[in-house]
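Computed from a predicted structure; not experimentally measured. All heavy atoms count here, side chains included; hydrogens, waters and symmetry mates do not. Throughout, a chain's letter reflects where its sequence line sits, starting with A, and its residues are numbered from 1.
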There are 2 protein chains.
Amino acid sequence: MVTIRDIAERAGVSVATVSRTLHAPEAVRPDKRSRVQQAIADLNYAPNAIARQLRKRRHETLIVIVPEIANPFFSGIIQSIENIAHDLGYRVLIGETQDRQDRLDHYADMVLSRAAGGLILLGSLLPSAVTASMADQRAIPFPLVLACERFEGLPCPSVAIDNQAAAALAVRHLWETGCRRIGTIAGPQSNSLGRDRLNGYRKALSDLGVNLECGWMEEGDFSIESGHAAMMRLLGSGGNLDGVFCANDEMAIGALQAIRSSGLTTPGDIALIGFDDLRFGAFATPPLTTIRQPTGELGETAMRMLDALLQGGVVDHRPVLLAHELVERQSTKQRVDN
Amino acid sequence: MVTIRDIAERAGVSVATVSRTLHAPEAVRPDKRSRVQQAIADLNYAPNAIARQLRKRRHETLIVIVPEIANPFFSGIIQSIENIAHDLGYRVLIGETQDRQDRLDHYADMVLSRAAGGLILLGSLLPSAVTASMADQRAIPFPLVLACERFEGLPCPSVAIDNQAAAALAVRHLWETGCRRIGTIAGPQSNSLGRDRLNGYRKALSDLGVNLECGWMEEGDFSIESGHAAMMRLLGSGGNLDGVFCANDEMAIGALQAIRSSGLTTPGDIALIGFDDLRFGAFATPPLTTIRQPTGELGETAMRMLDALLQGGVVDHRPVLLAHELVERQSTKQRVDN
DNA sequence: TCCATTTTTGTAATCGTTATCATTTCACAT
DNA sequence: ATGTGAAATGATAACGATTACAAAAATGGA
């Protein structure tokens with residue numbers, strides 16, 4: 001491996017001069033500077049980032065953790081994180097956990113051992129180092145920002161939307177467009193997203209004075225397939241629904257097909273509303289009405305929070321809630337406005 | 001920051017003993033070992049990975065580069081890469097380029113500067129360090145494996161399917177199910193995937209003795225939206241098509257909607273076949289006939305190649321071609337078998 | 001008890017940078 | 001020429017781990 005010492009030798013200068021040509025070229029005289037640059041080119045030298053980091057104790061590498069990259073919802077968030085990160089001089093790497101604690105801990109170890117500077121967590125799992133610190137009432141052991149999910153009482157900055165309110169909005173929309181027997185395909189209840197959205201559904205119904213009848217609720221795991229299966233169960237359970245709120249778009253896409261394959265139509269027989277505003281939802285048959293989360297803003301806010309944390313600033317631990325939005329397409333009946 | 005020296009001091013031993021308790025506990029006497037472990041727990045010590053890497057010159061971090069994580073096709077590949085990588089003791093991070101050279105080079109720099117051990121490249125862009133080395137007839141400057149795309153004459157291991165043959169298979173399938181005027185929505189011609197699939201289309205037509213008429217071909221950029229737009233152009237160009245081969249599933253999903261919104265049906269009026277076998281394609285209306293790539297095998301092969309490279313082995317530079325498969329669903333007419 | 005082995009331990013060099021500080025070189029005025 | 005201050009350079013100590021190698025301690029047999 002070619003090191004700074006090899007360059008120094010070949011250029012007939014000291015290692016300090018080489019280092020300076022690299023980081024403050026104006027501080028070294030042009031003749032030496034060009035000799036050094038020549039040597040660097042000749043030997044194809046690239047400074048060893050490991051050694052430099054050891055010396056500088058600064059980290060330009062951040063990690064964004066997602067449960068699964070296959071989920072297109074995360075991509076918008078990640079993209080905006082990356083854009084901001086880039087501007088702020090960081091490098092972003094993405095880690096996928098597949099909801100496995102060991103994988104997550106593996107990535108957390110990178111931060112614990114200073115191979116990376118900080119973590120943005122998009123999933124519903126917490127690194128065990130964080131859980132442990134909570135249990136011991138200690139501070140969180142590294143720069144951490146939470147996005148999308150909510151963790152009660154975790155002392156770190158977080159950003160999300162008000163999932164419960166957004167879910168309630170979706171249900172109200174179904175009601176306002178004429179649905180009277182509104183069911184739901186809920187997300188996994190192990191996770192705050194799933195719980196909040198189900199609570200929103202419940203709250204909206206009770207605000208509307210509707211009783212949640214048995215056979216109106218099924219649970220999925222946010223996948224297309226689970227949405228399909230849950231819809232089949234709803235259809236079979238005699239709930240006699242005319243509208244269904246799905247806790248995300250992927251399950252709604254599965255549900256859509258279940259409805260059609262049962263010989264029913266959307267929105268004619270059963271209206272459907274999803275959550276997340278996936279690109280694929282807009283091109284489903286019929287195009288899916290949904291709740292849009294401000295993915296760009298979500299990512300940007302999270303990234304700026306992490307930057308503030310890394311700059312040593314103290315960041316407010318109260319969750320930042322961003323605005324959501326109803327996107328009306330053809331899977332719900334049209335509102336009669338006037 | 002708490003270092004190994006702090007632990008040594010608190011436990012009343014030397015740093016060597018601490019290091020040994022960490023990596024070869026059986027080599028240190030139980031009493032000291034437990035004193036050290038106690039000190040580690042007390043001070044919440046985590047060894048500095050940077051320092052260790054500098055000393056050990058080994059890399060357990062690999063980078064997988066994708067053009068955009070939003071593309072669900074890549075997720076299957078990445079997942080299998082991660083599974084194998086994990087078993088082999090590597091840590092995988094994902095970098096997204098959004099087809100921008102500067103981003104790609106940024107990740108390549110991490111390998112060049114030894115912040116990571118190697119690269120698996122899934123996109124159509126090459127790091128400039130690699131292009132430069134090719135131009136100078138030098139060897140590629142770091143462990144690199146290519147998956148999915150093909151680069152003529154690049155001396156490094158690669159794995160893919162035979163895109164041209166697969167595209168030809170798709171076109172033949174349309175023919176065999178009765179289509180006689182077969183158009184295509186091609187991928188970007190800047191990229192080998194797009195080119196190979198278009199060549200396959202051309203070759204299949206000429207093998208079938210069909211003349212490619214004007215108005216049968218439009219180009220998209222692999223996105224849903226571009227597929228929609230391209231299909232609208234095809235419909236307007238008077239090519240009078242009864243079947244269309246789309247160079248990927250996302251464009252096919254866009255095309256599907258364009259056809260429907262024009263009052264036509266699939267496969268009745270126009271049959272459609274895609275490429276990649278996305279999950280969303282299986283749940284489209286109608287479910288999409290497509291070509292499946294063996295994503296799992298693709299990822300596994302790439303990862304094993306990179307491991308071999310990192311182990312210092314010499315790996316064959318001839319591209320490894322894996323088998324593809326036709327997945328018949330309802331967007332093409334049913335074959336009359338007998 | 002004492003010597004020869006075998007285990008355990010500690011000291012110090014090393015990895016490739018950066019940064020401090022002392023030293024040398026330079027430009028310029030006298 | 002010479003003195004001065006500024007600019008450029010070099011030697012070297014960090015950064016925090018790992019690991020030869022040497023030294024010390026423990027073990028065991030006589």
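Computed from coordinates, the Gln53(B) CD to dT19(D) P distance equals 13 Å when rounded to whole Å. The CD1 atom of Ile7(B) sits 15 Å away from the P atom of dG10(C) (whole-angstrom rounding). When the C1' atom of dC15(D) is taken as reference, atom CD1 of Ile4(A) falls 15 Å away, rounded to whole Å. Taking atom CZ of residue Arg35(A) and atom C1' of nucleotide dT9(D), one finds them 12 Å apart after rounding to whole Å. To the nearest angstrom, P of dA17(D) lies 14 Å from CD1 of Ile50(A). One atom, NZ of Lys32(A), and another, P of dA7(D), lie 17 Å apart when rounded to the nearest Å. Atoms CG (Leu54(B)) and P (dT18(C)) sit 12 Å apart, rounded to a whole Å. The interatomic distance linking Glu60(A) (CD) with dT17(C) (C1') rounds to 13 Å, in whole Å.
Within the structure, every side-chain polar atom (N or O) of Thr17(A) is placed at least 4.0 Å from both OP1 and OP2 of dA8(D). Distances shown here put every side-chain N or O of Arg29(A) at or beyond 4.0 Å from the OP1 or OP2 atom of dA8(D). At dG10(C), one or more side-chain N or O atoms of Ser14(B) fall inside 4.0 Å of OP1 or OP2 (strictly under the cut-off).
Asp307(A) and Gln311(A) share a donor-acceptor pair across their side chains, judged by distance under 3.5 Å alone. Defined by atom type and a distance below 3.5 Å, a donor-acceptor pair is missing between the side-chain atoms of Arg100(B) and His106(B).
Here the side chain of Ala16(A) is nearest to one of dG10(D), dT17(C), dC15(D), namely dG10(D).
The side-chain contact (heavy atoms from CB on, under 4.5 Å) test with Met303(A) singles out one residue from Val145(A), Asn83(A), Val64(A), Leu62(A), and that residue is Leu62(A).
Between Arg304(B) and Glu300(B) there is a salt bridge, since a side-chain N of the basic residue sits under 4.0 Å from a carboxylate O of the acidic one.
In this structure, Val13(B) and Val2(A) both approach DNA chain C, and ranking their closest nucleotides by distance from the 5' end singles out Val13(B). Ranked by how close their nearest DNA chain D nucleotide is to the 5' end, Lys56(A) and Val28(A) are led by Val28(A). Position along DNA chain C of the nearest nucleotide to Arg5(B) versus Asp31(B) favours Asp31(B) as the more 5'-ward residue. For the pair Arg20(B) and Ala51(B), both in contact range of DNA chain D, the more 5′-proximal nearest nucleotide belongs to Ala51(B).
In this structure, Val15(A) reaches the bases: a heavy-atom distance under 4.0 Å links it to at least one base atom across the strands shown. Among the atoms of the strands shown, base atoms are found under 4.0 Å from some heavy atom of Ser19(B).
Under the 4.5 Å side-chain criterion, counting only non-hydrogen atoms from C-beta, Met134(B) is not in contact with Phe151(B).
Scanning atom types as modelled, one donor and one acceptor separated by under 3.5 angstrom connect the side chain of Arg55(B) and the base of dT18(D).
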